[in-house]
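Everything on this sheet refers to the single structure shown next.
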Amino acid sequence: MANRWRNTLTTADVTPEAMFLNRRQVMAGAAAMGLGLTAAPLRAATGLEPNSYEDITSYNNYYEFGTGKEDPARNAGQLTTDPWTIKIDGLVEKPGDYVLSDLIPQMTTEERIYRFRCVEAWSMVVPWNGFELADLLDLVGVKPEAQYVAFETLYRPEEMPGTRFPVLDWPYREGLRLDEARHPLTLLATGIYGKPMPNQNGAPIRLVVPWKYGFKYIKSITRITLTDKQPKTSWNMANAREYGFYSNVNPQVDHPRWSQATERRIGGGLFARREPTLMFNGYDEVASLYEAMDLRKNF
Amino acid sequence: MIQQINSRVRQIPNWALYLLGAVPVVWLYVQGFQNALGPDPVDAIEHRLGLWALWLLIAGLCISPIQRNTPLRLLKLRRPIGVLAFMYVLVHFLTWLVLDVQIPSQIWADIVKRPYVTVGMVAMLLLLPLALTSNDWSIRKLGSKWRQLHWLVYPAVILAAIHMILQAKGFQLEPMIYLVVVLVLVGVRRTPLYLRR
């Protein structure tokens with residue numbers, strides 16, 4: 001596929017000091033890219049050091065299983081993820097209930113190491129396994145009038161103890177503009193570290209949009225709807241002043257309750273220094289999607 | 001039975017209570033240093049200390065109603081509980097300041113701009129003079145003013161509970177329950193039944 005995303009980010013994008021220290025690595029990575037060796041492990045090219053599997057699977061926000069960070073790992077074990085179907089409807093050529101196990105072999109699954117920035121001002125680096133959402137959209141055929149993609153998480157109270165209280169208006173909902181959904185960075189992830197997606201991380205399939213805050217990465221997707229209207233999204237419904245539809249990572253637009261200028265990298269221990277947050281979480285290639293927009297208003 | 005509890009409580013030296021109260025805080029930091037608090041130790045320490053401080057404040061508010069309505073004599077525990085509550089609040093605040101926010105210019109901006117931080121700060125500042133005057137010398141020195149001053153504990157605990165609600169994301173039950181408990185404990189002090197005794 002011609003438009004496949006290539007990682008051009010280096011350690012230097014994370015901390016300027018690292019660029020100085022790891023210049024040789026960066027050069028080697030750049031050389032590999034220049035030669036078109038995209039099959040080479042992305043890890044070497046990115047220079048991003050992923051968080052441990054343990055960190056990624058024990059520190060989660062998945063309110064359907066409780067509001068504590070350790071609740072999802074504790075409570076999500078009972079979730080049934082097989083069989084799994086995704087209802088794809090709305091403005092598509094081939095609507096229907098798609099069985100995930102039939103769908104996955106038709107997709108190109110690959111590893112993507114992305115920075116992950118939570119709206120709560122912490123961050124991780126996650127090695128996702130997944131396929132581009134664009135490929136799925138091509139498979140089902142998007143009608144020309146479609147402008148947005150809406151997503152829904154499974155709502156099954158008997159397996160999701162957190163949904164017994166209306167922390168949010170269940171089921172969890174998210175949405176993207178169609179061009180955002182089609183961007184080659186946007187993934188539907190089915191695994192982490194080459195292993196199947198753990199329940200607490202949104203098994204069996206979740207969205208990954210690395211230039212947006214983590215709550216946009218809707219988990220355990222059961223429905224994808226193509227629409228011509230901007231879909232309702234859960235956190236925006238709960239508190240529109242704090243959570244916008246776009247929710248692009250933006251160090252210049254603070255959350256009303258905390259600054260977004262810096263972030264704490266998870267896994268650094270008790271004395272981890274705050275690091276500056278990067279515009280679009282460092283994924284500058286998406287800037288053109290928002291050229292004519294005031295990102296202070298459309299936060 | 002009650003007699004036994006009362007005499008046991010009377011026998012506990014205050015220093016033992018302070019020592020006991022310090023154990024969880026020290027233990028929490030030891031675990032933090034050992035990386036045994038999960039992937040985000042700063043968040044874990046901050047939240048647990050805040051929660052425990054609120055528990056202690058609520059426990060402190062329970063003492064006087066128990067004294068008035070039951071034969072239990074726990075009044076002697078009130079001062080250690082109150083002083084420990086303030087120590088927990090202080091360590092909670094310092095953890096936020098030093099390990100979480102880190103950037104001095106940011107700290108002041110947060111205190112002024114973010115309502116949940118502002119409310120928490122006010123609660124802590126209200127508790128400060130109470131902690132400083134929680135000793136026999138101050139009680140003697142201040143006389144009737146001591147009671148007036150320590151009335152500040154009521155707004156302080158209410159603000160602490162509001163601080164917890166304001167920092168929560170979404171509509172959460174637990175912080176609401178704490179606020180209700182605090183309001184009941186403060187409200188009960190204005191009921192005729194309570195005032196008569």
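Atom set for the values below is all heavy atoms of this structure, side chains included, hydrogens, waters and symmetry mates excluded. A, B, ... follow the sequence lines: proteins, then strands. Residue 1 opens every chain.
Most heavy-atom pairs under 4.5 Å with chain A, from the set B:Thr95, B:Val98, B:Asp100: that is B:Asp100. Note on A:Asp254, A:Thr262, A:Ile56: by heavy-atom pairs under 4.5 Å with chain B, the leading option is A:Asp254. Counting heavy-atom pairs closer than 4.5 Å to chain B, the top-ranked of the candidates A:Glu242, A:Arg273, A:Glu54 is A:Arg273.
Heavy-atom distances place the side chain of B:Gln106, and not its backbone, under 4.5 Å from chain A. Using a 4.5 Å cut-off between heavy atoms, A:Glu120 contacts chain B through its side chain alone, with no backbone atom that close. Of the two parts of B:Leu37, neither the backbone nor the side chain holds a non-hydrogen atom closer than 4.5 Å to a non-hydrogen atom of chain A. Contacts between A:Asn239 and chain B at a heavy-atom distance below 4.5 Å are absent for every atom of the residue. Neither the backbone nor the side chain of B:Ala44 comes within contact range of chain A; no heavy atom of the residue lies under 4.5 Å from a heavy atom of that chain. Looking at A:Pro256, only its backbone comes within 4.5 Å of chain B, counting heavy atoms on both sides. The contact between A:Ser259 and chain B is made by backbone and side chain atoms together, counting heavy-atom distances below 4.5 Å. Using a 4.5 Å cut-off between heavy atoms, B:Asn35 contacts chain A through its side chain alone, with no backbone atom that close. Only the backbone of B:Val101 has a heavy atom closer than 4.5 Å to any heavy atom of chain A. Contacts of A:Ala121 with chain B are absent, with no heavy-atom separation under 4.5 Å from either backbone or side chain.
Ring pair A:Tyr172/A:Phe151: centre-to-centre distance not below 6.0 Å. Ring-centre distance between A:Phe299 and A:Phe245: not below the 6.0 Å cut-off. You'll find the ring centres of A:Phe116 and A:Trp122 inside the 6.0 Å limit.
Geometric assessment of A:Arg115 against the ring of A:Tyr283 yields a positive cation-pi assignment under the 6.0 Å and 45° thresholds. Cation-pi geometry between A:Lys195 and A:Tyr53 is satisfied (NZ or CZ under 6.0 Å from the ring centre, within 45° of the ring normal).
Taking every heavy atom of both residues into account, A:Arg274 and B:Gln102 meet most closely at N-OE1, 2.8 Å.
At least one donor-acceptor pair under 3.5 Å links the side chain of A:Trp258 to the backbone N or O of A:Val119. No donor-acceptor distance shorter than 3.5 angstrom exists from the side chain of A:Asn51 to the backbone of A:Met124, with no hydrogens or angles considered.
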Task: Trace of the salt bridge (Lys or Arg N to Asp or Glu O under 4.0 Å) decision for A:Glu174 with A:Lys216 - done: CA-CA 6 Å; A:Glu174 259 309 333; A:Lys216 296 290 291 183; 2.7 Å; yes
